[in-house]
Trainee: 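Just dropping this structure here.
Note on naming: letters A, B, ... go to the chains in the order of the sequence lines (proteins, then strands), and numbering restarts at 1 for each one. The basis for the numbers below is simple: all heavy atoms, side chains too, and nothing from hydrogens, waters or symmetry mates.
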Amino acid sequence: MPFTLATWNINSVRLREPIVLKLLQEEAPDVLCLQECKSPVDKIPTEGFAALGYTHMVANGQKGYNGVMILSRLPIVDAGRHDFANLGHARHVAARLENGVTIHNHYVPAGGDKPDREVNEKFGQKLDYLTDMRDDFHANRPERSILVGDLNIAPREDDVWDHKKLLKVVSHTPIEVEALAEVQESGNWVDVTRANIPEGKLYSWWSYRARDWDVADKGRRLDHVWATTDIAASGHSSRVVRHVRGWEKPSDHAPIFATFDL
DNA sequence: ATGGCGAATCGCATTCGA
């Protein structure tokens, strides 16, 4: 049975409940993974989602910051969460579906302004988070798994609007790109989005501050869909639903979709 | 450099995102 999955940094699930409902109605993914919900779990609005058939949810929340959730119209048979790098943040939640696929939803720390852990603690936290992910996958190789989320790194030259200009900007520095590659290798993860869309510029985030985001198009691909090698070849039809960035009171991220025939 | 915005919080300004 094929199923379609989407990942979206929502930047407040309470403020943007209307456009979450709109995405569910218009694009109808089976599973929607959200990041930056910025809400305690008990304050996440669920009734509207349930009314559209999304009656299954797992969430890891905290007040005001971070927060991730997986919303599904397919049953969730097991759930988990882990505090990577022991930051005390709600940045990961996992769900297993009846088909045995485990979905990991991550919100990797943004990392602050300066790409130097000696002067910027947040950059150190970002690297520590990635190291912990890497070691975790190395110790326990995932199978039949999908990893999605806002990984806050644009790894390829064509994942950013200007590679040279962003080499020293957090999200595209060589040290981050290398750290992300180590995470990917340690878990046998395939970048499904780029397996399906191998050529050309591709972005999922455009700054709020840039006027005329669509025309200027100074974006970055910070959001990702990965799958373990045993199921990656079943992934297809990846797409960024770019026009969502232009909706009323938008998130600064657009959702990414992929379909898996499993 | 995008960073000229936007969200959350015990705001009446500050922190955070990227």
Trainee: With rounding to whole Å, what would you report as the distance between dC5(B) and dC10(B) at their C1' atoms?
Mentor: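 Taking atom C1' in both dC5(B) and dC10(B), they lie 25 Å apart.
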Trainee: Starting at atom OH of Tyr65(A), determine the distance to atom C1' of dG17(B), rounded to an integer number of angstrom.
Mentor: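 Going from Tyr65(A) (OH) to dG17(B) (C1'), I get 10 Å.
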Trainee: Asn152(A) side chain N/O closer than 4.0 Å to the phosphate oxygens (OP1, OP2) of dA18(B)?
Mentor: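 It does, given that an N or O in the side chain of Asn152(A) lies less than 4.0 Å from OP1 or OP2 of dA18(B).
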Trainee: Please report the distance, rounded to the nearest Å, between CG in Leu180(A) and P in dA18(B).
Mentor: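 Going from CG in Leu180(A) over to P in dA18(B) covers 15 Å.
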Trainee: With a 3.5 Å cut-off and heavy atoms only, can you find an N or O donor on one side and an acceptor on the other between the side chain of Arg209(A) and the base of dA18(B)?
Mentor: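 Yes.
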Trainee: Please state whether the rings of Phe84(A) and His106(A) are parallel, tilted or perpendicular, taking 30° and 60° as the class boundaries.
Mentor: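 Judged by the thresholds at 30° and 60°, the geometry between Phe84(A) and His106(A) is tilted.
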Trainee: When you measure from the side chain of Ser171(A) to the backbone of Asn152(A), do you find a donor-acceptor pair of N or O atoms at a distance under 3.5 Å?
Mentor: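 No: the side chain of Ser171(A) does not pair with the backbone of Asn152(A).
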Trainee: Where does the angle between the aromatic ring planes of Phe137(A) and His104(A) fall among parallel (under 30°), tilted (30 to 60°) and perpendicular (over 60°)?
Mentor: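 Plane angle over 60°, so perpendicular.
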Trainee: Measure the distance from CG on Asn9(A) to C1' on dG6(B) and round it to the nearest whole Å.
Mentor: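 It works out to 13 Å between those atoms.
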Trainee: Please confirm whether the shortest side-chain N or O distance from Lys122(A) to OP1 or OP2 of dA18(B) is below 4.0 Å.
Mentor: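 Negative; the distance criterion is not met.
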Trainee: How far, in whole Å, is dT15(B) from dA1(B) if one measures between their P atoms?
Mentor: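 26 Å, rounded to whole Å.
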Trainee: Please state how far atom NZ in Lys164(A) lies from atom C1' in dA1(B), giving the value in whole angstrom units.
Mentor: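 From Lys164(A) NZ to dA1(B) C1': 17 Å.
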Trainee: Rounded to the nearest angstrom, tell me the gap between atom CG in Leu87(A) and atom C1' in dC16(B).
Mentor: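 Leu87(A) atom CG is separated from dC16(B) atom C1' by 15 Å.
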Trainee: Relative to the 5' end of DNA chain B, which residue comes earlier, Lys165(A) or Asn66(A), by the nucleotide with the nearest heavy atom?
Mentor: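 Final value for this comparison: Lys165(A).
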Trainee: Any donor-acceptor pair, under 3.5 Å, between the side chain of Arg16(A) and the base of dG6(B), if you only look at N and O atoms?
Mentor: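 No.
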Trainee: Does His172(A) put a side-chain nitrogen or oxygen below 4.0 Å from OP1 or OP2 of dA1(B)?
Mentor: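 No.
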Trainee: When you check the phosphate oxygens OP1 and OP2 of dA18(B), does a side-chain N or O of Lys114(A) lie under 4.0 Å from one of them?
Mentor: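 False: Lys114(A) side-chain N/O out of range (4.0 Å or more) of dA18(B) OP1/OP2.
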Trainee: Looking only at atom types and distance, does a side-chain atom of Thr173(A) sit under 3.5 Å from a main-chain N or O of Val170(A), one as donor and one as acceptor?
Mentor: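 No, Thr173(A) side chain to Val170(A) backbone: no donor-acceptor pair under 3.5 Å.
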Trainee: Taking atom C1' in both dC16(B) and dG11(B), compute the distance separating them and give it to the nearest angstrom.
Mentor: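 Per the computed distance, 15 Å lies between those C1' atoms.
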Trainee: Do Asp261(A) and His236(A) meet the criterion of a side-chain donor-acceptor pair at a distance under 3.5 Å?
Mentor: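 A pair is found: one side chain offers a donor N or O, the other an acceptor, under 3.5 Å apart.
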Trainee: Hey, which sits more toward the 5' end of DNA chain B by its nearest nucleotide, Val13(A) or Arg211(A)?
Mentor: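 Final value for this comparison: Arg211(A).
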Trainee: On the ring face of Trp205(A), is Arg221(A) found with NZ or CZ under 6.0 Å from the centre and within 45° of the axis?
Mentor: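 Relative to the ring axis of Trp205(A), which defines the angle, Arg221(A) lies outside at least one limit.
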Trainee: For DNA chain B, write out the stems as range with range, using runs of 3 or more consecutive Watson-Crick or G-U pairs with both distances under 3.5 Å.
Mentor: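 Detected stem regions: B:5-9 with B:13-17.
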Trainee: In this structure, how many angstroms lie between the P atom of dA18(B) and the CG atom of Asn120(A), rounded?
Mentor: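 Rounded to whole Å, this separation is 13 Å.
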Trainee: Separation of Asp159(A) atom CG from dA18(B) atom P, in whole Å?
Mentor: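 The distance from CG of Asp159(A) to P of dA18(B) comes to 16 Å, rounded to the nearest Å.
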Trainee: For dG17(B), take OP1 and OP2 only and decide whether either is under 4.0 Å from a side-chain N or O of Ser207(A).
Mentor: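 So the side chain of Ser207(A) is outside the cut-off, no N or O lying under 4.0 Å from OP1 or OP2 of dG17(B).
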Trainee: Heavy atoms only: give me the nearest Val41(A)-Gly61(A) pair and the separation to one decimal.
Mentor: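 Heavy atoms only, the tightest pair is CG2-N, 3.4 Å.
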Trainee: Could you tell me how far apart Gln35(A) (CD) and dC16(B) (C1') are, to the nearest whole angstrom?
Mentor: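 Nearest whole value for this atom pair: 17 Å.
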Trainee: Ignoring backbone atoms, establish whether Tyr208(A) has a side-chain N or O less than 4.0 Å from OP1 or OP2 of dC16(B).
Mentor: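 No, no such contact exists.
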Trainee: Taking the same atom, P, in dA7(B) and in dA18(B), what whole-Å distance lies between them?
Mentor: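 One P to the other, the span is 14 Å.
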Trainee: For Trp247(A), does the six-membered ring have the charged nitrogen or CZ of Lys22(A) within the cation-pi criterion, i.e. under 6.0 angstrom from the centroid and within 45° of the normal?
Mentor: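 Positive - Lys22(A) is close enough to the ring of Trp247(A) and near enough to its axis.
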Trainee: Looking at Lys38(A), does any N or O in its side chain come under 4.0 Å of the phosphate oxygens OP1/OP2 on dC16(B)?
Mentor: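 For dC16(B), OP1/OP2 do not have a side-chain N/O of Lys38(A) under 4.0 Å.
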